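The block underneath contains the structure these notes are about, expressed in structure tokens.
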Amino acid sequence: QLQLVESGGGLVQPGGSLRLSCAASGFKVNNYAIGWFRQAPGKEREAVACISSTDGGSHTYVVEFVKGRFTISRDNAKNTVYLQMNSLKPEDTGNYFCAAEYYPGYCRRSLYSGMDYWGKGTLVTVSS
């Protein structure tokens, strides 16, 4: 059974940092495109970042509004994908989800065309 479990969310002050983890079981993360998404209260879910599978070159992509602040990475030994978030702003508040799709190409396609498996999310609150 494929499963994704997010962790690492919490309350942080503006300008602070958090590292979110997406732990996978039932499959190897390096064989899948993995994406991070977020959903702010009252808003639609939006894509944040992704990392391609090993066959896809392990390329990463982050959306423009978090570029330079957020970084996505993968630890194959731990079967986990991370989202490092720095210089957090109140508008970064939301529920953060990770998702996976079995796709051997550049992950950006998966990020916008649909993912197959989803975690339940971890809440990030940026507030003073």
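The model shown is predicted, which means the values in this text are computed figures rather than measured ones. Note: hydrogens, waters and symmetry copies are ignored here, and every other heavy atom, side chains too, is used.
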From [atom1] ([X]) to [atom2] ([Y]), nearest 0.5 Å:
{"X": "N79", "Y": "C22", "atom1": "CG", "atom2": "SG", "value": "9.0 Å"}
{"X": "I34", "Y": "C107", "atom1": "CD1", "atom2": "SG", "value": "9.5 Å"}
{"X": "M85", "Y": "R19", "atom1": "CE", "atom2": "CZ", "value": "11.5 Å"}
{"X": "T93", "Y": "L88", "atom1": "OG1", "atom2": "CG", "value": "8.5 Å"}

For [X] against [Y], the heavy-atom pair lying closest together:
{"X": "S17", "Y": "S87", "value": "OG-N, 4.3 Å"}
{"X": "P14", "Y": "S127", "value": "CD-C, 3.6 Å"}
{"X": "S113", "Y": "R109", "value": "OG-O, 2.7 Å"}
{"X": "A24", "Y": "V29", "value": "CB-CG1, 3.3 Å"}
{"X": "L83", "Y": "V48", "value": "CD2-CG1, 4.3 Å"}
{"X": "G94", "Y": "L123", "value": "O-CD1, 3.6 Å"}

For this session: Go through the steps to decide whether F37 and F97 satisfy the test ring pair (Phe, Tyr, Trp, His ring centres under 6.0 Å), and finish with yes or no.
Result: CA-CA 5 Å; F37 300 78; F97 302 87; 8.3 Å; no

For this session: Apply side-chain contact (heavy atoms from CB on, under 4.5 Å) to V126 and K89, showing your working.
Result: CA-CA 6 Å; V126 185; K89 304 175 181 180; 5.5 Å; no

I'd like to know if [Y] and [X] are part of one continuous hydrophobic network [Ile/Leu/Val/Met/Phe/Trp/Tyr, side-chain heavy atoms within less than 4.5 Å].
{"X": "Y106", "Y": "Y112", "result": "yes"}
{"X": "Y82", "Y": "L111", "result": "no"}
{"X": "L18", "Y": "L11", "result": "no"}
{"X": "L4", "Y": "L2", "result": "yes"}
{"X": "L20", "Y": "F65", "result": "yes"}

For this session: Indicate whether any N or O donor in one side chain lies under 3.5 Å from an N or O acceptor in the other, for T80 and D75.
Result: no

Exercise. Between T125 and V12, is a side-chain contact (heavy atoms from CB on, under 4.5 Å) present by the stated rule, with each step listed?
Worked result: CA-CA 6 Å; T125 303; V12 63; over 6 Å; no

Problem set entry | Heavy-atom side-chain proximity of N31 to T54 below 4.5 angstrom |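 No, every pair of side-chain atoms sits at 4.5 Å or beyond.
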
Exercise. According to the interplanar angle, ranging from 0 to 90°, do the rings of F70 and Y96 count as parallel (below 30°), tilted (30 to 60°) or perpendicular (above 60°)?
Worked result: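 Geometry flag for Y96 against F70: tilted rings.
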
Would you check if the side chain of [X] reaches a backbone N or O of [Y] as a donor-acceptor pair within less than 3.5 Å?
{"X": "E6", "Y": "K120", "value": "yes"}
{"X": "N95", "Y": "T122", "value": "yes"}
{"X": "E46", "Y": "R38", "value": "no"}
{"X": "S52", "Y": "H59", "value": "yes"}
{"X": "E101", "Y": "M115", "value": "no"}

For this session: May I have the step-by-step check of side-chain contact (heavy atoms from CB on, under 4.5 Å) for Y32 and F27, ending in yes or no?
Result: CA-CA 9 Å; Y32 282 69; F27 70 103; 3.3 Å; yes

Problem set entry | Within 45° cone of W36 ring axis and under 6.0 Å: R74 NZ or CZ |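 No - R74 does not lie over the ring of W36 by the 6.0 Å and 45° rule.
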
For this session: Determine, step by step, whether I72 and V81 satisfy the side-chain contact (heavy atoms from CB on, under 4.5 Å) criterion, reporting the C-alpha distance in whole Å, the side-chain angles of both residues, the deciding distance to 0.1 Å, and the verdict.
Result: CA-CA 7 Å; I72 187 170; V81 173; 3.8 Å; yes

